[in-house]
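The structure appears below as structure tokens.
Residue numbers run from 1 in the order of the sequence given.
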Amino acid sequence: MRRRDFISLVGGAAAAWPLAGRAQQPAMPVIGFLHSESDAIPDRVRGFREGLKDTGFVEGENLSVVYRWAENQMDRLPEMVADLVHRQVAVLVTVGNATTLAAKVTTTIPIVFNVNEDPVRLGLVASLARPGGNLTGVNFLAGELAARRLELLHELLPAATRVAVLVNPANATTAASTLRDVAPAARAMGLQIMVLKATTSREIDAAFDAFVRERPDALFVDPDPFFASRYIQLVHLASRHAVPATYGLREFAVAGGLMSYGPRIADAYRQTGVYTGRILKGAKPADLPVVQSSKFELVINAQIARMLGLTVPPTLLATADEVIE
């Protein structure tokens, strides 16, 4: 073989080796992320990405995420689930009770859920310690804190006798759970409950019109994903109509709501990301215990309290994790 031919042969092989190496690299895993609402609070998705990063996965570098937002149209969930299943995503992340229940149609794709009440009661897992099947995730307990949140509201408004409870009937599971927990707590405190319903932004306006007509003493907003996505509207209406209101998420109080009590949702989203990363590395959902939120925070907006002519009891101020002046 002539020297020139030998050099050409070696050079051609060297050029082909990187191509072969690239062809043998594993495909980037794809995650499906399904939420019953819109991306109204970007800090939450940021928490999810931080959890992924904790396990060595960075979106756009070694991981791809397909996001689907149902915009409170629960009838779209089956179609969205079918689309993500058809894409054969490596893990399906579901946020919300209704979203997770819709995703149960697949028994082969691992599901990491983020729900706001007992997943055993919802029929998602066999037990918290040993979920079994293809589902595990985080219960951030927002729904199960309803009675405690009503107690805190009553402590702030001891003279109150009637409380309106705003629920989203489109999310029937969460609405029923809230009313089931609030009703006995209200009776124990001698409170009457008035139920208001809203599934759209326009219906939220109508609910406040009903509140003004009936004039109960306070408003209890259900920790529903739809209401979380409309937190600016809810806080604005409560302020305009001088309604003392309690919410389940910190964002409401920061935006100008009177009071909030609930879990640190960012922590729940981060843990969801961690579990997703662990499953990508080979862990089985059946072997990952359901994580239950253990960090809860009471936030009181003292400025709004003064605007409403309310005096916050010193004991309540001492209990608060944050007081906004």
Inset, instruction - Evaluate the side-chain proximity of Lys197 to Thr199: yes if any heavy-atom separation is below 4.5 Å, no if none is. - result: no
Legend entry - Point-to-point distance, once rounded to the nearest 0.5 Å, from CZ of Arg130 to OG1 of Thr136: 10.5 Å
Legend entry - Residues Arg180, Ser177; criterion side-chain contact (heavy atoms from CB on, under 4.5 Å); working and verdict: CA-CA 5 Å; Arg180 180 184 61 239; Ser177 176; 3.2 Å; yes
Legend entry - Note: Arg148-Glu151 ion pair, threshold 4.0 Å (strictly below): yes
Legend entry - Ile204 side chain reached by Phe226 side chain, heavy atoms, under 4.5 Å: yes
Legend entry - Point-to-point distance, once rounded to the nearest 0.5 Å, from CD of Glu117 to CG of Leu122: 4.5 Å
Inset, instruction - Answer yes if the side chains of Asn168 and Asn72 hold a donor-acceptor pair under 3.5 Å, and no otherwise. - result: yes
Inset, instruction - Report yes or no: does Lys104 contribute a side-chain atom to a donor-acceptor pair with the main-chain N or O of Gly123 at less than 3.5 Å? - result: yes
Legend entry - Joint hydrophobic cluster, Val274 plus Ile279, side-chain heavy atoms closer than 4.5 Å: no
Legend entry - Side chain to side chain, Met74 and Asn171, heavy atoms closer than 4.5 Å: yes
Legend entry - Heavy-atom donor-acceptor pair, Asp321 side chain to Leu298 backbone, under 3.5 Å: yes
Inset, instruction - Measure the spacing between CG of Leu152 and OG1 of Thr319 and express it to the nearest 0.5 Å. - result: 7.5 Å
Inset, instruction - Answer yes if Met259 and Val299 sit in the same cluster of Ile, Leu, Val, Met, Phe, Trp and Tyr residues linked by side chain heavy atoms under 4.5 Å apart, and no otherwise. - result: no
Legend entry - Closest non-hydrogen atom pair between Ala146 and Asp181, with its separation: CB-CB, 4.1 Å
When the side chains of residues 308-316 are checked against the rest of the protein, which donor-acceptor pairs come out under 3.5 Å, sequence neighbours left out?
| unit_1 | atom_1 | unit_2 | atom_2 | d |
| --- | --- | --- | --- | --- |
| Thr315 | OG1 | Glu155 | OE2 | 3.2 |

Legend entry - Leu128 side chain near Asp118 side chain, heavy-atom distance below 4.5 Å: yes
Legend entry - Any donor-acceptor N or O pair under 3.5 Å, side chains Asn97, Thr174: yes
Inset, instruction - Search all heavy atoms of Pro119 against all heavy atoms of Val290 and return the closest pair with its distance. - result: CG-CG1, 3.9 Å
Inset, instruction - To the nearest 0.5 Å, tell me how far Phe227 CZ sits from Phe252 CZ. - result: 8.5 Å
Legend entry - Gln271 and Asn114 side chains, donor-acceptor separation under 3.5 Å: no
Legend entry - Gly248 versus Pro263, closest heavy-atom pair with distance: O-CD, 4.2 Å
Legend entry - Closest contact, heavy atoms only, Leu157 versus Pro244: CD1-CB, 3.7 Å
Legend entry - Any Leu219 side-chain heavy atom under 4.5 Å of Leu234 side chain: no
Legend entry - Non-hydrogen atoms of Leu288 and Pro131 that approach each other most closely: O-CG, 3.1 Å
Inset, instruction - Write down the atom of Gly273, the atom of Thr55, and the distance for their closest heavy-atom approach. - result: O-OG1, 4.4 Å
Legend entry - CD/Gln88: more than 12 non-hydrogen atoms of other groups inside 6.0 Å: no
Inset, instruction - Kindly state each residue pair satisfying side-chain hydrogen bond (donor to acceptor under 3.5 Å, both in side chains) with at least one member in residues 260-269, sequence neighbours excluded. - result: His35-Tyr269
Inset, instruction - Could you check if a side-chain atom of Val291 sits within less than 4.5 angstrom of a side-chain atom of Tyr275, using non-hydrogen atoms only? - result: yes
Inset, instruction - Classify the angle between the aromatic ring planes of Tyr67 and Trp69 as parallel (below 30°), tilted (30 to 60°) or perpendicular (above 60°). - result: parallel
Inset, instruction - State plainly whether one hydrophobic cluster holds both Val212 and Val235, where clusters connect Ile, Leu, Val, Met, Phe, Trp and Tyr through side-chain heavy atoms under 4.5 angstrom apart. - result: no
Inset, instruction - Please determine, by modelled atom types, if Asp217 and Thr161 share a side-chain donor-acceptor pair under 3.5 angstrom. - result: yes
Legend entry - Electrostatic pair Arg87:Asp83 at N-O distance under 4.0 angstrom: yes
Legend entry - Worked verdict on Asp54 versus Arg270 for side-chain contact (heavy atoms from CB on, under 4.5 Å): CA-CA 9 Å; Asp54 289 344; Arg270 184 171 190 139; 2.9 Å; yes
Legend entry - Any donor-acceptor N/O pair, Glu214 side chain to Ala210 backbone, under 3.5 Å: no
Legend entry - In one Ile/Leu/Val/Met/Phe/Trp/Tyr side-chain cluster, 4.5 Å: Phe57, Val65: yes
Legend entry - Working for side-chain contact (heavy atoms from CB on, under 4.5 Å), residues Thr94 and Leu135: CA-CA 10 Å; Thr94 60; Leu135 294 91; over 6 Å; no
Inset, instruction - Using modelled atom types only, decide if a donor and an acceptor are shared between the side chain of Arg149 and the backbone of Thr246 within a distance under 3.5 Å. - result: yes
Inset, instruction - Taking the side chain as every heavy atom from C-beta outward, state whether Val163 and Pro216 have any pair of such atoms under 4.5 Å apart. - result: no
Legend entry - Heavy-atom check, side chain of Thr178 versus side chain of Asp224, under 4.5 Å: no
Inset, instruction - Starting at CG of Leu179, measure out to CD1 of Ile193 and round the result to the nearest 0.5 Å. - result: 8.5 Å
Inset, instruction - State plainly whether one hydrophobic cluster holds both Val254 and Val323, where clusters connect Ile, Leu, Val, Met, Phe, Trp and Tyr through side-chain heavy atoms under 4.5 angstrom apart. - result: no
Inset, instruction - Look up atom CG in Asn139 and atom CG in Asn116, then write down how far apart they are to the nearest 0.5 Å. - result: 7.5 Å
Inset, instruction - Could you go through the side-chain contact (heavy atoms from CB on, under 4.5 Å) check for Phe48 and Leu52 one step at a time? - result: CA-CA 6 Å; Phe48 171 67; Leu52 286 171; 3.7 Å; yes
Legend entry - Test: Glu37 and Arg44 ion pair at under 4.0 Å: no
